[in-house]
Amino acid sequence: MKEMQTTYDPKDFEDRIYEKWMRENCFRAEIDPSKVPFTVMMPPPNITGKLHMGHAMDETMQDIVVRFKRMQGYSALWLPGTDHASLATEHKIVEKLHEEGTSKEELGREEFLRRAWAWKEQYGDAIVGQLKKLGSSCDWSRLTFTMDEKCSKAVREAFCRLYEKGLIYRGSRIINWCPDCRTALSDEEVEHTEDAGYFWHFAYPVEGSDERIVIATTRPETMLGDTAVAVNPSDERYKNFVGKTLLLPLTGRKIPVVADEYVDPEFGTGAVKITPAHDPNDFEVGLRHSLPSIRVMGDDGSMNELCGEFAGLDRYEARKRIVEKMKELGLLVKIEPHSHNVGHCHRCHATVEPIVSKQWFVKMAPLAKPAIDAVVKNKTKFVPDRFAKIYFNWLENIRDWCISRQLWWGHRIPVWYCECGEVICSREDPTVCPVCGSTHLKQEEDCLDTWFSSALWPFSTLGWPDKTPDFNYFYPTDVLVTGYDIIPFWVMRMMFSGIEYTEKVPFHDVLIHGLVRDELGRKMSKSLGNGVDPLEVIAKYGADSLRLSLVTGVAPGNDTRFTEGKVEAARNFINKIWNASRFVLMNVDCDVPAFGNIRLQPADRWIISRLMATIREVTVSLQKYDLGIAADKLTDFTWNDFCDWYIELVKPSLYGGDPEKKRSALGVLIFVLENILKLLHPFIPFVTEEIWSFLPGERGNIISEEYPRYNTKLSYKKEAKTFEGIIDLIKTVRAMKVDVNCPPSRKVHLFLIAEQRRLVSVNKQSILRLAGASEIEFIEKGEQAGEKTLSHVCEIGHLFVPLGDLVDIEKEKERLKKELERVTGEIARADGKLMNKNFVAKAPKKLVDDERAKKEKYLDMKQKIEEQLRLLDD
RNA sequence: GGAAGUUUAGCUCAGCCGGGAGAGCACUUGCCUUACAAGCAAGGGGUCAUAGGUUCGAACCCUAUAACUUCCACCA
């Protein structure tokens, strides 16, 4: 039999184990009617780059849940994939082309797409590699890319259905335009920041008079597109202006003064220039007053041909020139600093321009309603549930979704325009116009928003719209794991899409996690350069340590800080398990009896009792997605109970020379270790699998083992409680020795007045070893343990330890007096409660009983301490 | 202008149904005890942000306040 290395080194086996899992098809989810399916769709990472720490946490959480469910006997499918990330990817490729001295226009659509697919191959593979390094147990046979044929088919189906229902329309609306990416954006893709700017006050002259009206604007360049000035109808200052005509400076265009409630008289000058083509509010005002809409800016953010001398200028250059010009004309009244909310493209951070443009939209109101209802009715639950509020907030205030993008990389909109004017939306590429028979059809140039295909992810991956066996078996999915920042982009859209297309919610639970921040609590970002590469951490500490560190001490939905110290702590814990396992295995030199055939000793029953309690707590926590609590319980049990206590307690049995005792001890050790490894496997899959392979006997992979189950017959609650008296005894002796500076090597003689002599006797060797004692001697009440003796009342009885020269009687008296004080205080506290009639009457009976028992215990302690004090006084 | 979150040990954070405040790291002391110094043992350290309220009983529930964080919102 091969042996375990003396130190834990994950590099020795992580890759090898992953290959083994792959080779043996351990991640493959089968359609098995005898099993219950459990489905998780991996949020497909963008192919724009490599995975960051946030992904690492997201994937780890999913893997933990999936491995847990798989071990529980579900047919667990974790379907992996990647996202084409239309805008983000195209942006990156365009940047790269720019560096190469070319452009997408120069290459043309076809060549550009060829490059994009090459990009996808490269980065998609890198991501898959990273996921494997992390230990992700996803079903690679079902790996999906959002532009795979099946997804494209689903996208077309979805688009056509909405189009046919009249829920998709094309129209000219104000949209968010990114002049750098040169595409429309949805509202969600715009980030607002409070930017410092100015308020320019311009005077607009009234036609045929000397009167002027002063407006304030933050975007002077848009004045070229003004088609009115609006004032509040109740504003006395401007009453006489309403209906008059103004001469728009720089253009001489005649524009009316209109009255509209939208204007806030308190803000600015109370008069607002109206530019319907370049401002969402102005657009609305324009509609109400039938104002023309004049677009003065091109797709690249420069002023267009309507702008006279400013034509061709960049928007900011134009702003400068216009302000100068207005000043020259004496129409610049004043400039005041003003900070306001400015929208930025969330991809390239360029300032977004609201622009009127012909785009495709999804009508949201009819889709939002059922998506809200589903969560209200608990068909889908958010964990933690407070995130439901954020979800509602979005859906309740939602506006129509602009889905067209002026991009090439993505799903091209399945609409064709015929020369006769017919618009054809089709699942198949049409060749002939159904109206005029023409074959001159042109497909819509625009692509769909990436999130349009992401919205279909829970079912497009399973073959929808076809009724595939996968779809029938695995859909709807069980849990979606993602960050709170993705709720508006994705969760919400999957919800209404799932309900609309499949008539089922796409998942029952949404497990929301927070962001992984840096050591100082800052968001990890490229610009700050504070990101930590998961692969580097894995290289140094191993994937298991990284995984464990990402879920311990983390509450659902809360942000967490990444520190190397946490990874180190996780590594140390894993090292502990490694060595504990090594210890157990190096003692195996005989057949280990089956657990059921072992006559259990009190210590055995204690550890098994603790094991059962742990199994129960961990299982409950995992079912509630409380991964942090589960990890915490497991660490505590493994390290404290198993390693620090149980292993030490059974060493005398291993070393004592009695083969029967040794065999039994080994049996229990192996049994508990097996359970620990299984319980921990979802968290730290590699090392548990590796250790598992060293355990004696024929066994398969731990990944395919059954998750431990709570067994009432093995709970031994009462016996475990009693056994804790032994632990308490050992701790007491240790503390006594430290208290008097007794060297650990100096063995002490223990005298004990106790009722449970048998329990003590059975564990005598363990007690001697762990307490650093030479002998335990039972004495009767009233009997003396000799001169210079320290005493302590512990759970199991009254302990006396003669320590000779180390004992300072006066100090011991002091200590006893203090102890007496404490105990007296405890009695008073218990009395305080028990004398309270309300407590006795209203508190649960168990609590009252417990309180009475405590009082009894302390009274007994008090008596013993007083006795001892009297003795010392004599 | 709305909304959510956070505030607990020196640091980072847990804390379930309300029933004697926890972990890791750091710190102090002693130990290389034949698995592990990435370790063992024993310790010190908290006005659970503040003020009220509900309750027999509050870190936990309610109200208000403060500080910080985040999301949303068209005030030109």
Side-chain angles (χ1 to χ4, degrees), chain A residues 4 6-8 174 192 199 215-219 222 230 262-264 266-275 279-285 338 340-341 343 354 384 386-387 389-390 393-394 397 484-485 487-488 514-515 519 521 523 549 552-555 557-561 563 565-566 568-587 617 620-621 624 626 628-629 631-632 635-636 643-644 647-648 651 655 731 734-739 741-745 769-770 772 826 829-830 833 836-844 846-848 850-851 854:
Chain A
M4 287 176 73
T6 48
T7 49
Y8 160 66
I174 281 269
H192 294 273
F199 235 165
I215 57 93
T217 180
T218 55
R219 294 191 302 152
T222 62
Y262 151 69
V263 180
D264 176 0
E266 304 296 315
F267 192 74
T269 63
V272 188
K273 66 193 260 314
I274 300 298
T275 325
D279 184 281
N281 295 308
D282 294 7
F283 184 80
E284 297 296 322
V285 175
H338 177 68
H340 59 140
N341 241 354
R386 64 182 137 96
F387 288 101
K389 287 183 199 159
I390 293 176
N393 199 359
W394 273 97
N397 299 303
Y484 57 69
D485 49 333
I487 293 172
L515 267 36
E519 205 144 351
K523 226 166 162 170
S549 72
T552 38
V554 179
N558 285 4
D559 289 354
T560 177
R561 297 184 194 203
T563 68
K566 286 183 188 173
E568 223 170 283
R571 191 268 321 263
N572 293 352
F573 171 58
I574 295 169
N575 183 60
K576 188 76 188 177
I577 301 164
W578 181 268
N579 275 294
S581 307
R582 201 160 63 82
F583 170 79
V584 172
L585 292 171
M586 67 199 274
N587 281 290
E617 288 165 345
V620 167
S621 300
K624 293 195 296 188
D626 277 332
I629 291 175
D632 194 51
T635 310
D636 181 52
C643 294
D644 289 345
I647 285 183
E648 298 303 326
K651 274 180 179 173
Y655 302 151
K731 285 183 148 182
R734 284 171 174 172
M736 282 168 103
K737 286 175 77 175
V738 168
D739 200 40
N741 291 321
C742 172
S745 51
R769 182 187 171 86
L770 297 191
E826 292 291 351
R829 196 194 54 77
K833 281 197 161 185
N836 182 336
K837 276 185 201 142
N838 280 321
F839 173 76
V840 178
K842 293 183 182 175
K846 184 178 182 311
L847 274 170
V848 180
D850 285 354
E851 211 54 52
K854 278 180 208 165

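Throughout, a chain's letter reflects where its sequence line sits, starting with A, and its residues are numbered from 1.
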*May I ask you to say what A:Trp394 touches in the nucleic acid, namely base, sugar-phosphate or nothing, with a heavy-atom cut-off under 4.0 Å?*
sugar-phosphate
*asked:* Using O4'-C1'-N9-C4 for purines and O4'-C1'-N1-C2 for pyrimidines, with syn meaning within 90° of 0, is B:C61 syn or anti?
replied: anti
_What is the distance, to the nearest angstrom, from the CG atom on A:Asn341 to the P atom on B:C71?_
12 Å
*Contact class for A:Tyr262 vs. all strands (heavy atom < 4.0 Å): base, sugar-phosphate, or nothing?*
base
*asked:* Can you give me the closest heavy-atom contact between A:Asn281 and A:Asp279, atom names plus distance?
replied: N-OD1, 2.8 Å
*Specify the residue among A:Lys731 and A:Phe387 whose closest nucleotide of RNA chain B lies further upstream toward the 5′ end.*
A:Phe387
_I'd like to know if the side chain of A:Asn558 reaches the main chain of A:Val554, judged simply by a donor and an acceptor atom lying under 3.5 Å from each other, with no hydrogens or angles considered._
no
*For each nucleotide in nucleotides 24-36 of chain B, reading 5' to 3', give B when a protein heavy atom comes within less than 4.0 Å of its base, S when such contact involves only the sugar-phosphate, and - otherwise.*
S----------BB
_Pairwise P distance, B:G20 and B:A59 [rounded to whole Å]_ = 10 Å
*Closest to side chain of A:Asn838, choosing from B:A4, B:C75, B:C56*: B:C56
*Look at A:Lys854 together with A:Asp850 and state whether they make a salt bridge at an N to O cut-off of under 4.0 Å.*
no
*For A:Lys273, what residues pass the salt bridge (charged side-chain N to carboxylate O under 4.0 Å, His left out) criterion, not counting sequence neighbours?*
A:Asp226
*Checking A:Lys566 side chain against A:Arg561 main chain: does a donor-acceptor pair fall under 3.5 Å?*
yes
*Would you mind building the protein contact string for nucleotides 6-23 of chain B? One character per nucleotide, 5' to 3', B for base within reach (heavy atoms under 4.0 Å), S for sugar-phosphate only, - for untouched.*
------SSSSB--BB---
*Ignoring hydrogens and angles, tell me if any N or O in the side chain of A:Asp282 forms a donor-acceptor pair with the backbone of A:Thr275 under 3.5 Å.*
yes
*For atom C1', what is the distance between B:C13 and B:G5, given to the nearest Å?*
15 Å
*With rounding to whole Å, what would you report as the distance between B:U70 and B:U63 at their C1' atoms?*
24 Å
_B:C16 to B:U69 separation - P atoms, rounded to the nearest Å_ = 27 Å
_Restricting to non-hydrogen atoms, name the atom on A:Val263 and the atom on A:Gly270 that form the minimum distance, rounded to 0.1 Å._
CG1-O, 3.3 Å
*Are the side chain of A:Asp559 and the backbone of A:Leu515 linked by a donor-acceptor contact shorter than 3.5 Å?*
yes
*asked:* Can you tell me if A:His192 touches the phosphate of B:C71, counting only side-chain N or O atoms and a distance under 4.0 Å to OP1 or OP2?
replied: no
*Length of the line joining A:Lys737:NZ and B:C40:C1', which is rounded to integer Å*: 14 Å
_Whole angstroms only, please: what is the CZ-C1' distance between A:Arg219 and B:C75?_
13 Å
*asked:* So, using side-chain hydrogen bond (donor to acceptor under 3.5 Å, both in side chains) as the criterion, who are the partners of A:Ser549 when residues are at least two apart?
replied: none
*May I have the distance from A:Asp264 (atom CG) to B:G1 (atom C1'), rounded to whole angstrom?*
12 Å
_Suppose you measure atom P in B:G19 against the same atom in B:A64; what distance do you get, rounded to whole Å?_
25 Å
*Say you pick atom P in B:G43 and the same atom in B:A3; how far apart are they, in whole Å?*
50 Å
_Spacing of the C1' atoms in B:U47 and B:U8 (rounded, Å)_ = 12 Å
*About how many Å separate CZ of A:Arg582 and OH of A:Tyr8, when rounded to the nearest 0.5 Å?*
14.5 Å
*How far, in whole Å, is B:C25 from B:A66 if one measures between their P atoms?*
39 Å
*Ignoring hydrogens and angles, answer whether the base of B:A42 and the side-chain atoms of A:Arg734 contain a donor-acceptor pair closer than 3.5 Å.*
no
*Would you find a donor on one side and an acceptor on the other, under 3.5 Å apart, between the side chain of A:Arg734 and the backbone of A:Gly772?*
no
*asked:* Determine whether a donor-acceptor pair (one donor, one acceptor, N or O, separation below 3.5 Å) exists between the side chain of A:Asn836 and the base of B:C56.
replied: no
*Contacts of A:Arg829 that satisfy salt bridge (charged side-chain N to carboxylate O under 4.0 Å, His left out) - sequence neighbours left out*: A:Glu826, A:Glu851
*asked:* More than 12 heavy atoms of other residues, nucleotides or ligands under 6.0 Å from NZ of A:Lys731: yes or no?
replied: no
*Using a 3.5 Å limit on both pairing distances, list the dot-bracket string of RNA chain B from the 5' end; Watson-Crick and G-U wobble pairs count, crossing pairs take [ ], interstrand pairs take |.*
(((((((..((((.....[..)))).(((((.......))))).....(((((..]....))))))))))))....
